[in-house]
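Right, one structure below, let's go through it.
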Number of protein chains: 2
Amino acid sequence: MVNKTAVRILTEKGLRVTPQRTAVLDVTLNLNNHPSAENISEYLRLNYPHVPIGTVYKILEAFVANGILSRVKTENRQIRYDPVMEKHYHLYNPDSDQIADLFDADLNKILENYFQKKIIPGFTIKDFYLQVVGNFSEEPAS
Amino acid sequence: MVNKTAVRILTEKGLRVTPQRTAVLDVTLNLNNHPSAENISEYLRLNYPHVPIGTVYKILEAFVANGILSRVKTENRQIRYDPVMEKHYHLYNPDSDQIADLFDADLNKILENYFQKKIIPGFTIKDFYLQVVGNFSEEPAS
DNA sequence: ATAATTGCAAAAGCTTTGCATGGCC
DNA sequence: GGCCATGCAAAGCTTTTGCAATTAT
């Protein structure tokens with residue numbers, strides 16, 4: 001009962017379809033947590049045949065290299081992973097280390113427009129990342 | 001010949017003035033690099049009496065806790081430190097890992113204005129960070 | 001005087017790496 | 001069949017921690 005989306009994505013990207021990869025991708029797509037490698041490994045342990053953490057890292061690295069996931073940095077040491085590849089922003093609470101996505105077409109326009117016009121001497125702009133820091137009103141039971 | 005600015009800042013913040021602290025602060029203020037603990041330690045080794053890396057970390061942690069420095073996250077593993085505490089943004093090149101400051105009053109206004117009005121259900125906005133990714137036209141000899 | 005900081009070394013935490021085994025195309 | 005991915009264990013790198021000795025106030 002492997003998620004077909006995961007298999008489709010792997011195939012589309014020309015990656016070999018293995019049970020470990022489909023499991024990791026499936027979990028990452030379904031957890032809305034921006035999970036860390038450790039989170040993913042833990043979740044896999046409960047719901048799928050065990051995948052060693054080293055393998056999880058290798059798989060995540062392959063996914064990042066192939067544009068399936070992106071890395072998200074926080075105040076913490078762990079790398080978090082994000083399966084949403086469309087332009088969006090992150091809401092972040094440093095206390096709980098919780099991340100949520102912010103999709104905001106207006107903000108996209110404002111910033112794209114600004115950086116298209118903006119000339120910074122000695123620097124060629126390629127992209128931008130915006131993190132909004134604050135508090136979630138209902139922190140989920142951690 | 002210790003920088004008086006460093007001593008003044010420490011005194012203002014009510015921190016004990018030690019040679020190690022003034023040295024670390026002096027270096028961080030004068031290197032425009034957004035240096036890592038390792039960078040600072042290395043520079044100290046050449047220009048000041050040696051300060052062990054563990055002590056550098058403790059000092060930097062104290063500075064961050066007292067609002068003298070802020071941490072800057074990059075694609076790399078190391079934490080970088082920034083002595084500029086006014087609102088600004090970062091230009092960043094992931095390839096060279098170089099960071100530069102971007103001061104931009106227009107952008108400040110646009111974003112402050114936007115986030116003052118913007119209501120995000122379930123989230124209280126406190127602050128925001130913006131990183132501009134791209135290339136520096138003249139990379140300094142690394 | 002005394003409370004905080006330094007120095008040293010060990011440990012911790014996350015991630016990467018190497019290499020033999022196994023599995024996908 | 002051949003090449004790529006997995007599994008396991010060890011290593012790597014940055015940062016943190018503990019504690020005794022030292023120093024600033």
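Per chain, numbering begins at 1; letters A, B, ... match sequence-line order. What you see is a predicted model; the values in this text were computed from it and never measured.
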Open item on the list: Whether the side chain of A/R16 and the base of D/dC3 hold a donor-acceptor pair under 3.5 Å is what I'd like checked.
Closed with: yes

Open item on the list: Here's a test of your reading of the structure: between B/Q78 and A/L15, which maps to the more 5' nucleotide of DNA chain D?
Closed with: A/L15

- [ ] Let me know, please, whether A/V51 or B/Y81 comes out on the 5' side of the other along DNA chain D by nearest nucleotide.
- [x] A/V51

Task: Test: A/R80 and A/D97 ion pair at under 4.0 Å - done: yes

Task: Presence of salt bridge, B/D106 and A/K118, under 4.0 angstrom - done: no

Could you tell me the separation between the [atom1] atom of [X] and the [atom2] atom of [N], rounded to a whole number of Å?
X     : N      : atom1 : atom2 : answer
B/Y48 : C/dT6  : OH    : P     : 15 Å
A/I79 : D/dT15 : CD1   : P     : 13 Å
B/E61 : C/dT5  : CD    : P     : 11 Å
A/I59 : D/dT6  : CD1   : P     : 4 Å
B/I40 : D/dT14 : CD1   : P     : 14 Å
A/K58 : D/dA9  : NZ    : P     : 13 Å
B/L44 : C/dG7  : CG    : C1'   : 15 Å
A/Y57 : D/dG7  : OH    : P     : 16 Å

Open item on the list: Run the side-chain hydrogen bond (donor to acceptor under 3.5 Å, both in side chains) test on A/Y81 and A/N39 for me, step by step, so that the C-alpha distance in whole Å, both residues' side-chain angles and the decisive distance to 0.1 Å come before the verdict.
Closed with: CA-CA 10 Å; A/Y81 295 89; A/N39 294 151; over 6 Å; no

Between [options], spot the one nearest the side chain of [X], thanks.
X     : options               : value
B/P52 : D/dG7, D/dA24, C/dG7  : C/dG7
A/V17 : C/dT5, C/dC25, D/dT15 : C/dC25
A/R21 : D/dA24, C/dT5, D/dA5  : D/dA5

OP1, OP2 of [N] versus side-chain N and O of [X]: anything below 4.0 Å?
X     : N      : answer
B/R77 : D/dT15 : no
A/T55 : D/dG7  : yes
A/S36 : C/dC14 : no

Task: Upstream residue (5' side of DNA chain C) when B/G54 and B/Q20 are each assigned their closest nucleotide - done: B/Q20

- [ ] Might you confirm whether atom CD1 of B/I119 has over 12 heavy atoms from other residues, nucleotides or ligands at distances under 6.0 Å?
- [x] no

Task: Distance under 6.0 Å and angle within 45° of ring axis: B/K73 vs B/Y129 - done: no

Open item on the list: For a quick check of understanding: with a heavy-atom distance under 4.0 Å over all strands, which category does B/I53 fall into, base, sugar-phosphate or nothing?
Closed with: nothing

